[in-house]
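Values in this document were obtained by computation on a predicted structure and should not be read as measured data. One-based numbering along the sequence shown.
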Amino acid sequence: FKEQCTFTDAIFTDKSIWSDSPSYAGIGADFDEAVFESDVDFVRCMFSVPAYFRKTKFNGDVVFDEAKFFNDFRFFKTEFLGGAFFNETIFYGLGIKRLGQMKRMAEDNGHTDAALNFNALELEHKANAKDAGFWFKLFTNAYRIFSNYGRSFMRPIGAYVLLVFLIAITAMIYSTYSASPPLENQVLCKPNKDQPPPLKLSYERAVFEYAMFRAGGVMDLTDTGKQNNAVNCRLFEEPIEPALMRGVGIFKSIASLTLLFLAALGLRNKYRIK
């Protein structure tokens, strides 16, 4: 193939041999050991028969956007010297089982975007399988929703901001409508001669401090040895968080650290950080 090759909307329904050797003959679209000197376009092609690209060499860009593989396919020792694009490619039947191999192939050829796309497709198909476990489905769907399978860093950052906002709202609701703690706990918030007077915080400042330093996740890691008595006394009338808010704090710590990790993963994948 010396010039531009375009297979847009092509339908492979019968025997098609493209290799040099007749030993690869069979019912399928066979591109074994073919060499594409220029760009090649398989956009929206439908491979209803097995498609073979073993030892195929693409010197230019190859585009399989929106292509459909209804049967088995093989990309073995395939060389992608240009770009490889598999956006919105759909796989059925035996093709689904090849997604792990496609991911490794893309990684070996240095096509990070394609590898991430294959990883996303593989996880999505596994989560939608009938024998998929409940927890695997739950965490896989959460991974998809909050980070687009590790391909987005804005999603987890947006979710992190929303989490901090929700924690602030929760603190406001609890401090407004919950019953007052026992008097012996309230006394602990009163100044005495052996301790310096507590900070005078406005309600809005206390909510902000609680949301940032207690819901921020990262702040928890650097909060050792520090007391938030002034914040807790202003919001909950006692120096230690109530049991319910303590439970909320455990959840937000895990959630915030997870979201920050997903944001870092998205940045790494987006900008190819090693």
Side-chain angles (χ1 to χ4, degrees), residues 65 83-89 99-100 102-129 132-174 204-226 228 231-232 235 241 244-274:
D65 292 352
F85 304 95
F86 291 85
N87 299 313
E88 299 185 34
T89 309
L99 291 174
M102 294 293 290
K103 178 177 65 175
R104 290 190 292 273
M105 176 207 67
E107 291 174 345
D108 293 341
N109 283 273
H111 297 289
T112 306
D113 288 338
L116 291 172
N117 290 338
F118 286 128
N119 180 64
L121 288 170
E122 184 180 25
L123 289 174
E124 187 171 355
H125 282 297
K126 286 183 177 180
N128 293 331
F134 171 78
W135 291 108
F136 179 79
K137 286 185 177 181
L138 179 64
F139 286 110
T140 301
N141 286 326
Y143 187 38
R144 171 180 59 83
I145 293 170
F146 290 108
S147 72
N148 193 21
Y149 298 109
R151 294 177 291 183
S152 172
F153 62 90
M154 289 305 299
R155 283 194 190 185
I157 290 176
Y160 179 82
V161 173
L162 179 62
L163 174 66
V164 173
F165 176 76
L166 291 177
I167 292 298
I169 295 296
T170 302
M172 293 174 64
I173 293 174
Y174 187 92
E204 294 78 9
R205 173 70 182 276
V207 170
F208 174 80
E209 295 291 339
Y210 182 83
M212 292 306 300
F213 287 89
R214 302 303 296 166
V218 173
M219 299 300 181
D220 289 344
L221 301 178
T222 60
D223 206 23
T224 304
K226 296 180 181 179
N228 294 291
V231 173
N232 291 334
L235 293 177
E241 293 170 300
L244 178 61
M245 296 305 296
R246 180 68 65 174
V248 172
I250 294 174
F251 164 77
K252 57 82 182 171
S253 295
I254 297 174
S256 58
L257 289 174
T258 301
L259 291 172
L260 288 172
F261 170 78
L262 292 176
L265 178 64
L267 282 169
R268 173 186 177 275
N269 291 333
K270 187 70 173 179
Y271 294 103
R272 312 292 188 267
I273 302 172
K274 300 297 184 181

Here the pair of heavy atoms bringing Ala127 nearest to Lys137 is O-CE, 3.1 Å
Applying salt bridge (Lys or Arg N to Asp or Glu O under 4.0 Å) to Arg104 and not counting sequence neighbours gives none
Taken in chain and number order and not counting sequence neighbours, the residues that satisfy side-chain contact (heavy atoms from CB on, under 4.5 Å) with Met105 are Phe75, Thr78, Phe80, Met102, Asn109
All heavy atoms of Ser253 vs all of Ser256, minimum pair found to be O-OG, 3.1 Å
Distance col, row Leu259:CG vs Ile254:CD1, nearest 0.5 angstrom, shows 12.0 Å
Legend entry - Heavy-atom neighbours of Tyr143 OH exceed 12 at 6.0 Å: yes
Sorted by chain and number, sequence neighbours left out, side chain to side chain donor-acceptor pair (under 3.5 Å) with Arg144 holds for none
Checklist line | Note, Leu163 side chain near Phe251 side chain (heavy atom, < 4.5 Å) | finding: yes
On a heavy-atom basis, the closest approach of Leu235 and Ala171 is CD1-CB, 4.5 Å
Contacts of Arg155 meeting side-chain contact (heavy atoms from CB on, under 4.5 Å) (sequence neighbours excluded), chain-then-number -> Asn148, Ser152
Applying ring pair (Phe, Tyr, Trp, His ring centres under 6.0 Å) to Phe85 and not counting sequence neighbours gives none
Interatomic distance, CZ@Phe165 vs OH@Tyr160, rounded to 0.5 Å, equals 15.5 Å
Here the gap from Thr89 atom OG1 to Asn87 atom CG, rounded to the nearest 0.5 Å, amounts to 7.0 Å
Contacts of Phe146 meeting ring pair (Phe, Tyr, Trp, His ring centres under 6.0 Å) (sequence neighbours excluded), chain-then-number -> none
Would you call Tyr149 and Asn117 a side-chain contact if the rule is heavy atoms closer than 4.5 Å?
no
Those residues at least two apart in sequence (or on a different chain) that pass side-chain contact (heavy atoms from CB on, under 4.5 Å) with Leu166 are Leu162
task = Taking atom CZ of Phe261 as the centre, report whether more than 12 heavy atoms of other residues, nucleotides or ligands fall under 6.0 Å from it.
result = no
Note: Ala115 and Ala106 closest approach over all heavy atoms is N-CB, 3.6 Å
In terms of heavy-atom contacts, Met245 and Glu241 come closest through O-OE2, 4.2 Å
Quick note, salt bridge (charged side-chain N to carboxylate O under 4.0 Å, His left out) partners involving residues 109-129, not counting sequence neighbours, are Lys103-Glu122, Asp113-Arg272, Glu122-Lys126
To the nearest 0.5 Å, atom OG1 of Thr140 lies from atom CH2 of Trp135 at 12.5 Å
The reported gap from CD in Glu107 to CG in Leu116 (rounded to nearest 0.5 angstrom) is 8.0 Å
The side-chain contact (heavy atoms from CB on, under 4.5 Å) partners of Leu244 (sequence neighbours excluded) come to Tyr174
Would you call the rings of Tyr271 and Phe153 parallel, tilted or perpendicular if under 30° counts as parallel and over 60° as perpendicular?
-> tilted
